[in-house]
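Side chains are part of it too, since the values below use all heavy atoms of this structure and drop only hydrogens, waters and symmetry mates.
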Amino acid sequence: MSDKKELYRDNGQTGSVLDDMDLDNKNLQNIGVEILPVHTGGTVHAKRMPGKFRTIKWITAAFWLSLFIFPYFRWDGHQALLFDLANRQFHIFGITILPQDIWMLAMILLFGALLLAASTAVAGRLWCGYFCFHTVWTDVFTWIEEKFEGQPNKRIKLDEAPMSLSKIKTKLPKFVLWAIIAFMTSFSFVAYFTDAFDLWARLFSFEWGGTETSVILGLAAATFFFAGILREQTCIGFCPYARIQGAMIDTQTVVPTYDVDRGEPRGRMKRLKPGEEAPDLGDCIDCNLCVAVCPTGVDIRRGQQFGCITCGLCIDACDSVMDKIKKPRGLIRYASLAEFAGQKPPPLFKRPRVIVYSAIMAFAAIAMVYGLLTMSPIDLKALHERSPLFVQMSDGNIQNKWTVKVVNKSNEVMLAKIDVTGPEGLTYIADKQITVQPGNVGATTLFVKIPNKNLTETSTPITIHVVNLNNESISAKYETAFISPKKR
């Protein structure tokens, strides 16, 4: 504080308006602290200010915004990320995942779900505060709104003003830019399921199908409405995860928390009269800046609330005020209820739910790594004929029949050759070569004959081999059983 002997805080009414500053507010303004009104309903126009958590939000937002350009990356002449539902193929940077490997996608989803649960148990609604695409898009939309319409108090006055040509001229550029971003969002989403460049080409030639048109326009309208119009009401009234996460935290979960013991009783600053003794007040000066920066309009000083998305912006705001009045930071900070109750929280590796979540995540991660390391560009399956299991030929040979399927997981045409090994005297009949297109399955019928005298068991192991003649380093084998009649 610039003059600690002449200023103290007074428990005055909160939320005095900016246009009618009293002496207390002027004293705060002299040291760079602004008294802001408390949100009283309607659209939340949050104040933006720099800080550590604001920087983190922009960094995480950059990840989602980068998804606009991912569909345009190419890999070996193909779109790097393409989820081709029509052909049941998922292309991820040269790796083609077919329905046979769908379990890997299940492991990815399992890992993501448990990561979400674990992060919530440790630090609350991190997903909502930093990673949720609705939070990111709303942040971008309100940033654009600020550039066109000014600071929160100006935007509030503009919203309350009657409709006029001047109001339309002010708001129209914002709406146009919102619509462009909403369209690019929906277009980029659809571009993950069809070639992006082809989608653009068909746009300008008016060759979009009904499904593509409906999805793009519908998703664009939803993005515009939810991120631009509803904003925080989407989190509070529509998002089910906001309610689910409340059941996933406990007393050891660290969330943005107001230190009541240190902050109360709160009060404003004013000049001391000669001989007047300064009252004993807490560190909170009731500037309402923590409320003004909250994207959902929550007053964190009232404790944890349903609308809090734990984004930490109130911490940035409070720390900036503490710096200006020469008080230690941390009046609002990430902390657990156990900490404020005087308990030392246990380390993460001793918390049961964190242990369970981490164990399942580790299993999913190991399964994903194993799948990637063992994934071959070729897959071989052989389906044994079941009716009949075998046929005894007139020359005494026993014959079995298989349907052999060769899966080409690569991006090149495969020329597959089949070979069979087993007991002495084994012969087989099959197509000499099978041409398999990228991402497709080639099938052929395989007949295997073995002299009955060479068969000692009713089930004899044999091996079916397949090799890609275009690249002989790519091969696969399939262990199966040759069925024969019982020996007397």
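- Using a 4.5 Å cut-off on side-chain heavy atoms (C-beta onward), Lys171 and Lys174 make contact.
- Under the 4.5 Å side-chain criterion, counting only non-hydrogen atoms from C-beta, Arg329 is in contact with Asp323.
- Checking each of Glu160, Glu145, Glu149 against Arg155 for a side chain to side chain donor-acceptor pair (under 3.5 Å) leaves exactly one that passes, namely Glu145.
- Ring centroids of Trp137 and Phe225 are separated by 6.0 Å or more, keeping the two rings apart.
- A centroid separation of less than 6.0 Å is found between the aromatic rings of Phe193 and Phe189.
- Of the candidates Arg301, Arg302, Arg333, Glu264, Glu264 is the only one forming a side chain to side chain donor-acceptor pair (under 3.5 Å) with Tyr258.
- Heavy-atom neighbours of Trp75 CH2 from other residues, nucleotides or ligands within 6.0 Å: at or below the threshold of 12.
- No side-chain heavy atom of Val44 sits under 4.5 Å from any side-chain heavy atom of Arg231.
- For an aromatic pair to be called close, the ring centres must be under 6.0 Å apart, and Phe197 with Trp200 fails this.
- Within 6.0 Å of CZ on Phe363 lie no more than 12 heavy atoms contributed by other residues, nucleotides or ligands.
- Two residues are said to be in side-chain contact when any heavy atoms from C-beta on lie closer than 4.5 Å; Cys128 and Cys235 fail this criterion.
- With a 6.0 Å radius and a threshold of 12 heavy atoms from other residues, nucleotides or ligands, Arg386 has its CZ atom at or below the threshold.
- Using a 30° and 60° split on the angle between ring planes, Phe133 and Trp127 fall in the perpendicular class, above 60°.
- Annotation: side chain of Val255 is in contact with side chain of Thr257 (closest heavy-atom distance under 4.5 Å).
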Exercise. Would you sort out whether Phe226 and Thr138 count as a side-chain contact (heavy atoms from CB on, under 4.5 Å), showing the intermediate values?
Key: CA-CA 8 Å; Phe226 286 107; Thr138 299; over 6 Å; no
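- Using a 4.5 Å heavy-atom threshold, the side chains of Arg125 and Thr253 count as separate.
- Taking CG of Asn471 as the start and CD1 of Ile474 as the end, the distance is 4.0 Å to the nearest 0.5 Å.
- Heavy atoms of other residues, nucleotides or ligands lying less than 6.0 angstrom from NZ of Lys52 number 12 at most.
- The CD1 atom of Ile378 sits 14.0 Å away from the NZ atom of Lys477 when rounded to the nearest 0.5 Å.
- With Phe148 as the partner, the side-chain contact (heavy atoms from CB on, under 4.5 Å) test is satisfied by one option alone out of Val176, Leu177, Thr170: Leu177.
- Between the CD1 atom of Ile229 and the CZ atom of Phe224 there is a distance of 5.0 Å, given to the nearest 0.5 Å.
- Salt bridge absent: Asp316 and Arg54 never bring a charged side-chain N and a carboxylate O closer than 4.0 Å.
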Exercise. Could you please spell out the steps behind the side-chain contact (heavy atoms from CB on, under 4.5 Å) verdict for Met163 and Ile168?
Key: CA-CA 7 Å; Met163 187 58 66; Ile168 293 175; 3.6 Å; yes
Exercise. Take Asn470 and Glu412, measure what side-chain contact (heavy atoms from CB on, under 4.5 Å) needs, and give me the verdict at the end.
Key: CA-CA 9 Å; Asn470 293 330; Glu412 304 293 336; over 6 Å; no
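- Residues Pro295 and Glu232 have side chains not in contact (no heavy-atom distance under 4.5 Å, counting atoms from C-beta outward).
- You'll find the side chain of His91 stays beyond 4.5 Å of the side chain of His78, heavy atoms only.
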Exercise. Let me see the working for Tyr478 and Val404 under side-chain contact (heavy atoms from CB on, under 4.5 Å), right down to the final yes or no.
Key: CA-CA 10 Å; Tyr478 188 88; Val404 178; over 6 Å; no
